[in-house]
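Notes follow the structure.
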Amino acid sequence: MTAEVVAQEETQTAEVVAAKVEKVVEGDDVEPKESMDELKPKTVEKSSSYKEESNFLSDLKEFERKALNELKSKLEEAILENTLFEKEKKEASTVAEEKKDGEESEKPVKEEEKSVGVVEKDVSLWGVSLFPSKGGEGLDVVLLKFLRAREFKVNDAFEMLKKTLKWRRESKIDSVLDEEFCSDLASAAYMNGVDHEGHPVCYNIFGVFDNEELYQKTFGTEEKRNEFLRWRFQVMEKGIQKLNLKPGGVSSLLQINDLKNSPGPSKKELRIATKLTVAMLQDNYPEMVAKNIFINVPFWYYALNALLSPFLTQRTKSKFVVARPAKVTETLVKYIPIEEIPVQYGGFKRENDSEFSAQDGAVSELILKAGSTATIEIPALEVGNTLCWDLTVMGWEVSYKEEFVPTDEGSYTVIVQKGKKMGPQEGPIRNTFRNNEPGKVILTIENTSNKKKRVMYRYKANKSSF
């Protein structure tokens, strides 16, 4: 399920990998300088932390354009000369030679010879025609993926493309979308939302394989492992269907790999399946992943990463982000809007949400200094409205309470939620309150830790129907 689970070109020890990861990608960024505006709420802006490389010809460097044109020429020549699938041509010739004796075999021989002579111009990959003379919009995008995966070495990229096409044909990958697999696997990987840059997000949930019955059903035999692989290819193909393989379009996915409760590397069958998946996806789906984020990472991950690191390239390594349990939300929000992050990962997205929709108000945030207190006021001026709000604090370790304060000074304050300490294990808060008189709901967050906290929230008022 996780081809992308490992990746580094040089062999490193587990300790070195761990040190690098913890320093670079676990949210240990330099904290912003303090300012007088820190406690003022502000609208969350989209991050531009990473972008895909441009596929427009005008943005390519001279050597990149030259390599792309050279690859197109090689591809067109191979298609016109019927050498794109060399092995198939050779096999057909061998069959013809073996069957040249005897009248019964004359007809099959002629059919084989005829099929070899047909120029196959409708070769395509992910719905994009690979015949350069057709001038399809997506051809440059697809070919640049293979070129980038091979550092713009044209011959290497061409061989990679040919092997991918051969593999897809022999494995009948174009029909994998129509196949049905074990329904239990649906919870192991699924598409959900988009990131700041519009990349579709694929969640891979390894913890489901902690169930011994499902584990054996998935990895118990070589046949089952091969079926698992094919299912993983289907997941990738479904994700690619959501892409726009044209210059300027979003042409890669964001992968989230949740290792919580995942069986460790001591599980031989899982280790075998992982190696196979790594090899197959890396070889046949180049540059289809913009970022690979690993969350809830246990210590054994570093050892596994060091063990398998020689199999992947430096380019793939640069796309890796790793976060331990305490840093999950803080890491994900750098890449995905909080309203697109599922609630189990600290975000505001809930299945079949009846309170908030994609069109409901923007998310706001504030920075809370160590030892300080902030309040968020939700106006409730119209009587009978139902107020609803979401709130999360990166890392929590704060005291939190909710109360309704009437506009009429003679009325009593209503406690919506009693004050309590909130630890790192807390998930996002969602609460509602229906006001019977004008006033405001006040959310109070006291930072009891010695670190700054990032608070994110949103609210809305549902008007009464009577």
Side-chain angles (χ1 to χ4, degrees), residues 3 52-61 63-92 114-178 200 233-234 236-253 279-290 315:
E52 291 189 43
E53 293 166 282
S54 174
N55 291 312
F56 287 106
L57 286 175
S58 58
D59 293 332
L60 299 180
K61 297 176 181 177
F63 80 92
E64 294 173 337
R65 283 197 296 271
K66 183 178 178 182
L68 178 59
N69 289 331
E70 189 177 335
L71 180 56
K72 283 183 178 179
S73 296
K74 291 177 75 71
L75 183 56
E76 178 132 356
E77 181 181 348
I79 291 174
L80 290 175
E81 295 184 0
N82 249 10
T83 58
L84 201 56
F85 300 98
E86 289 179 1
K87 185 176 180 182
E88 290 185 14
K89 181 177 179 181
K90 181 180 178 182
E91 287 176 349
K114 184 179 179 181
S115 66
V116 172
V118 173
V119 177
E120 190 175 352
K121 294 183 180 180
D122 60 349
V123 181
S124 64
L125 180 57
W126 302 312
V128 175
S129 172
L130 295 183
F131 190 41
S133 290
K134 284 190 175 181
E137 284 186 282
L139 181 58
D140 288 356
V141 176
V142 171
L143 295 186
L144 282 169
K145 289 183 179 296
F146 286 87
L147 284 166
R148 285 172 174 141
R150 291 296 180 262
E151 299 178 338
F152 283 89
K153 296 175 182 176
V154 177
N155 289 336
D156 291 349
F158 185 50
E159 287 304 312
M160 184 183 191
L161 175 59
K162 288 201 297 183
K163 288 178 181 178
T164 292
L165 293 172
K166 179 175 179 293
W167 169 75
R168 292 180 69 87
R169 175 172 288 194
E170 292 178 349
S171 303
K172 296 181 172 59
I173 295 300
D174 286 338
S175 65
V176 77
L177 286 170
D178 300 322
F233 300 146
Q234 185 189 70
M236 181 61 83
E237 293 290 327
K238 285 181 178 178
I240 291 173
Q241 284 195 323
K242 296 179 178 291
L243 302 179
N244 179 7
L245 298 176
K246 294 179 181 178
V250 174
S251 62
S252 59
L253 307 169
M280 299 302 288
L281 290 185
Q282 182 178 241
D283 290 346
N284 298 292
Y285 294 92
E287 299 300 304
M288 281 298 182
V289 176
R315 185 177 178 85

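- Of all heavy-atom pairs spanning S124 and L165, the tightest one is O-CD2, 4.2 Å.
- Residues S251 and L245 approach most closely at CB-CD2, 3.8 Å, considering heavy atoms.
- Residues L68 and L57 are in side-chain contact: their nearest non-hydrogen atoms beyond the backbone lie under 4.5 Å apart.
- L281 is not listed as a side-chain neighbour of V289, based on a closest heavy-atom distance of 4.5 Å or more.
- Of all heavy-atom pairs between P286 and M160, the closest is CB-CE, 3.6 Å.
- With sequence neighbours left out, the ring-ring contact (aromatic ring centres under 6.0 Å, His included) criterion links F158 to no other residue.
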Checklist entry - Can you check side-chain contact (heavy atoms from CB on, under 4.5 Å) on R168 and D174, steps first, answer last? => result CA-CA 7 Å; R168 292 180 69 87; D174 286 338; 3.0 Å; yes

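- Open room surrounds CD on E137; 12 or fewer heavy atoms of other groups in view lie less than 6.0 Å from it.
- Of all heavy-atom pairs between R65 and S58, the closest is NH1-O, 4.2 Å.
- Side-chain contact check for T164 versus Y285: every heavy-atom pair is 4.5 Å or farther apart.
- Here salt bridge (charged side-chain N to carboxylate O under 4.0 Å, His left out) pairs that include residues 70-80, with residues two or more places apart or in two chains, are K72-D140.
- L147 contributes atom CG, which lies 10.5 Å from atom CD of E287 (distance to the nearest 0.5 angstrom).
- Scored by the side chain to side chain donor-acceptor pair (under 3.5 Å) test, N69 finds no partners at all (sequence neighbours excluded).
- Here the side chains of M236 and N284 are not in contact, with every heavy-atom distance at 4.5 Å or above.
- By the side chain to side chain donor-acceptor pair (under 3.5 Å) test, S252 is found to be paired with E52, residues two or more places apart in sequence or in another chain being considered.
- Within the 4.5 Å cutoff, side-chain heavy atoms of L161 are placed close to those of L143.
- With sequence neighbours excluded, the residues that form a side chain to side chain donor-acceptor pair (under 3.5 Å) with D59 are S54.
- Nearest heavy-atom pair, S129 versus L139, reported as atom, atom and distance to 0.1 Å: O-CD1, 3.7 Å.
- A distance of 6.5 Å separates CG in L80 from OG in S133, rounded to the nearest 0.5 Å.
- At a threshold of 4.5 Å between non-hydrogen side-chain atoms, the residues V128 and L125 do not count as touching.
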Next on the checklist: Does E64 form a side-chain contact (heavy atoms from CB on, under 4.5 Å) with L144? I'd like the steps, not just the answer.
Outcome noted: CA-CA 9 Å; E64 294 173 337; L144 282 169; 5.5 Å; no

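- A search for ring-ring contact (aromatic ring centres under 6.0 Å, His included) contacts involving F152 returns F63, not counting sequence neighbours.
- Side-chain atoms of E237 and I173, non-hydrogen and from C-beta on, do get closer than 4.5 Å to each other.
- Counting only heavy atoms from C-beta outward, the side chains of V141 and W126 never approach each other to under 4.5 Å.
- Nearest heavy atom pair, residue K238 against residue L177, reads CG-CD2, 3.5 Å.
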